[in-house]
Amino acid sequence: MAFLKFNKSELVNLSYSLKREIILANKTGACCNTSIVTCNTRRYHGLLAVPVEQFGGYRHVLLSSLDESLTLRGKRFNLGIHCYGEVYEPRGHKYIVDFDADPVPCVTYKIGEIVFRKKIVLSPDEDQLMIQYELVNAPAKVKLELKPFLAFRNIHGLTQENAVANTEFTPVQNGAAFCLYEGFPTLNIQLSTSTASYKANPVWYKGITYSDEMRRGFDCREDLLQAGSFEVDLHSGDTLVVSASAGAPVNASSLKRRFTAVVEKIGPINSFRDQLVRQADTLIREDGGVKRVVAGYSWLFTGLLRETLVALPGLTLYGKNSPKEFEEILDNLIKENQERLTCRTTQVEAPLFMAVTLQQYIAFTGKDKAVWDKYGSTMKTIIESYLPGNRQEIAMLPNGLLWAQKDGVALTWMNAYIGGRAVTERAGYQVETNALWYNAICFALEHEKKTSAFSKKWTPVKELIEKNYERTFWNPDLGFLADYVDNGGQHLELRPNQLWAVSLDHRCVSDEVVSEVMRLVNAELVTRRGIRTLSPRDIRYKGVYEGSQLERDEAYHNGCAWPFLLSQFCYASFNMMGSSFVRRAEWLTEGFYEDLSKHGVGCFSELYDGDPPHEPHGAISSAMTTAALLNINWLIDQYRED
């Protein structure tokens, strides 16, 4: 599709092309992440990064890059590109004439009469990267030389030249195997032809610079081991497949068939929804038979409580129509998060999202009794855990509301820190936490028998919340709900957290409050790339996510627009307006498809600038963003049918 394609003028312009990234991810947790001209600009970039069990399962970059060079009639052309300080060398991007990401990343080079193409895929269920090289056209025999740059380090770190690294190699079928440090898996680089040769010549390339890290003020230089070189002769029309795999060597003779099979399984992209569903699938990882949600690539973690509960319905139900996968992931999450769900967590509202997630599951399947029979006890245990004495960071007070406070700790999703100081601590009664609290209690009471001990105990609490929620948070003079309330009174920053109070299945504010809140949110917070985290009228508003770490953290929840919040805005709007909101909902999501050629090519970003033109930032592929867009599309379909 056109939005996944780039031309020569765009590709040779590094200020343009280096800001566009590709991300390939598979079920094992492995990924390939680099720029569209294959020049690494972040520490997270690398052609093959895999989870290493010996080091806590965190991803580690094994193969940073693979430089190609072509020699024709004694003249050599280097296709690789690296940054050293502010100098790029070699400058192989100048030969690129085309990049296409559908169905897989494909880079085409043209050097005189030579046309050379490479396609990159990641095996869906193995820690294996494959690159197909094709000499589309050449006037004579061409020698292809491949130089692997090895890292063997955590994706969050950098490596330097050292005497500990094992620079030796072990021969494997049609290739060589490397393992720089003890505890790492072996990296096998194998070619589909036995005519290739390998020459060991280990050299440290020093001072390779990641320009995006430099721009952000982080450590940005590292040394990489260039282990040696593979050489093979190609004639016009020849193809070659190179495999980089972790662990045991693969069958090199089957690499071409394997590559073709993987590409055919991926299939073409025929619509924006296809792209959403493809991204949803990449954000679900399976380790030892246990499925979890990846919060985002390349640096966000896997299996996080809040992110999984928020994203799970969108990824599995609205994206893949798979209730089975929904339950499988949710069961794993509950098993692994017992302490966070019922004892303590710095994400005080996260356990309460369990009710929202189950409500969406029931709405999708219609199986309310079966869902409650399976998950009702978990839901009731979560609610009971907020009683006084069970959690140190949050507890229900006599008025039925939840008070959250832990000095110096940001206890909600707005949890950015600067120098150890919480940017938005929000201690006290939080508007969204208490809205989720009320919704959870109502959800449980809705499915419990009225004569049960649980119902008798919690019905009075529900009534207390109904009595006190609106009077605690509503400010009639300003026409919106306070973001939080502490001993000093209402904190009246206009933020999107009040959206949960007006959009959940069970709400304890009047229709008048809903109408006024939505009017102001629509006027000051809504953008075509998500919901701003603070009104532009506020003196603390930061509309652009750029600059130093301090400046970016200040903007993170003080102006940045978050796409995942759009789903709550759309739920509330559809509740108010019905099918007449369909066209507006479409307009609010169309902009994300326009941005598929930015940031992460074909991906849906974590956040955007609050100010126009709303440039994307953060993780290039976000589970919560992807899920929200799938959720909104599902809502649009439901109301369009009506």
Side-chain angles (χ1 to χ4, degrees), residues 25 267 269-285 291-296 304 306-333 353-368 370-371 375 439 443 499-500 503-505 529-531 562-575 578-579 581-593 596 602-606 621-642:
I269 295 294
N270 297 312
S271 68
F272 292 118
R273 179 176 169 77
D274 288 349
Q275 190 65 29
L276 266 172
V277 173
R278 177 183 288 185
Q279 288 303 308
D281 193 51
T282 66
L283 290 159
I284 296 173
R285 171 178 165 184
K291 289 187 177 181
R292 302 178 180 90
V293 169
V294 180
L304 298 177
R306 179 197 296 116
E307 286 75 2
T308 298
L309 288 174
V310 171
L312 186 57
L315 300 183
T316 59
L317 302 179
Y318 312 131
K320 302 173 68 180
N321 190 23
S322 179
K324 179 182 177 182
E325 193 166 51
F326 173 96
E327 289 200 20
E328 187 177 352
I329 295 172
L330 184 59
D331 292 347
N332 293 332
L333 185 77
F353 274 110
M354 181 68 71
V356 183
T357 303
L358 293 175
Q359 285 167 321
Q360 289 181 277
Y361 189 38
I362 289 171
F364 187 84
T365 63
K367 298 178 179 179
D368 53 343
V371 171
Y375 297 108
N439 179 70
F443 172 63
L499 276 172
W500 277 283
S503 64
L504 296 172
D505 285 3
R529 298 299 187 277
I531 310 294
W562 288 70
F564 91 94
L565 296 167
L566 265 179
S567 60
Q568 296 309 128
F569 177 77
C570 288
Y571 268 111
S573 298
F574 276 120
N575 286 338
S579 58
F581 184 71
V582 165
R583 185 65 196 99
R584 180 89 195 287
E586 290 174 333
W587 181 81
L588 286 170
T589 56
E590 286 166 356
F592 295 96
Y593 306 131
L596 284 176
C603 301
F604 301 90
S605 301
E606 178 187 11
S621 178
S622 163
M624 293 202 301
T625 298
T626 305
L629 293 173
L630 286 163
N631 195 345
I632 295 168
N633 281 348
W634 182 78
L635 285 171
I636 289 171
D637 290 342
Q638 304 306 304
Y639 281 93
R640 183 184 286 120
E641 289 178 8
D642 292 343

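Values reported hereafter were calculated over all heavy atoms of this structure, with side chains retained and with hydrogens, waters and symmetry mates removed. Note that the coordinates shown come from a computational prediction; the quantities given were computed from them, not determined experimentally.
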Side-chain heavy atoms of [X] within contact of [Y], under 4.5 Å:
X	Y	value
Leu283	Phe604	no
Leu333	Val293	no
Leu330	Leu358	yes
Tyr375	Asp331	yes
Asp505	Phe443	no
Phe364	Trp634	yes
Leu309	Met354	yes

At their closest point, which heavy atom of [X] faces which heavy atom of [Y], and how far apart are they?
X	Y	answer
Ser271	Ile269	O-CG2, 3.4 Å
Gln359	Asn439	OE1-ND2, 2.9 Å
Ala623	Leu315	O-CD2, 4.0 Å
Val310	Met624	CG1-SD, 3.7 Å
Leu317	Pro323	CD2-CA, 3.8 Å

Value rounded to 0.5 Å, distance of [atom1] in [X] from [atom2] in [Y]:
X	Y	atom1	atom2	answer
Thr316	Tyr361	OG1	OH	8.5 Å
Phe592	Thr626	CZ	OG1	10.5 Å
Cys603	Leu596	SG	CG	8.0 Å
Thr357	Ile362	OG1	CD1	11.0 Å
Glu307	Glu606	CD	CD	9.0 Å
Asn332	Glu327	CG	CD	11.5 Å

Under 3.5 Å: donor-acceptor pair, side chain of Thr625, backbone of Ser621: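 Absent.
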Ring-ring centroid check Phe581 Tyr639, cutoff 6.0 Å: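 No, too far apart.
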Partner of Leu630 under side chain to side chain contact (heavy atoms under 4.5 Å, CB included), chosen from Arg273, Gln279, Lys320: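 By the side chain to side chain contact (heavy atoms under 4.5 Å, CB included) criterion, Leu630 pairs with just one of Arg273, Gln279, Lys320: Arg273.
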Residues Arg640, Asp637: salt bridge by 4.0 Å N-O rule: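 Answer for the salt bridge query: yes.
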Trace of the side-chain contact (heavy atoms from CB on, under 4.5 Å) decision for Leu588 with Ile632: CA-CA 10 Å; Leu588 286 170; Ile632 295 168; over 6 Å; no
Asn633: side-chain hydrogen bond (donor to acceptor under 3.5 Å, both in side chains) partners, not counting sequence neighbours: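 Partners of Asn633 under the side-chain hydrogen bond (donor to acceptor under 3.5 Å, both in side chains) test: Tyr593.
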Show me the donor-acceptor pairs, under 3.5 Å and distance only, between side chains in residues 563-574 and residues at least two apart or in other chains.
unit_1	atom_1	unit_2	atom_2	d
Ser567	OG	Phe564	O	3.0
Gln568	NE2	Ser503	OG	2.7
Tyr571	OH	Gln360	NE2	3.2
Tyr571	OH	Asn631	OD1	3.1
Ser573	OG	Phe569	O	2.8

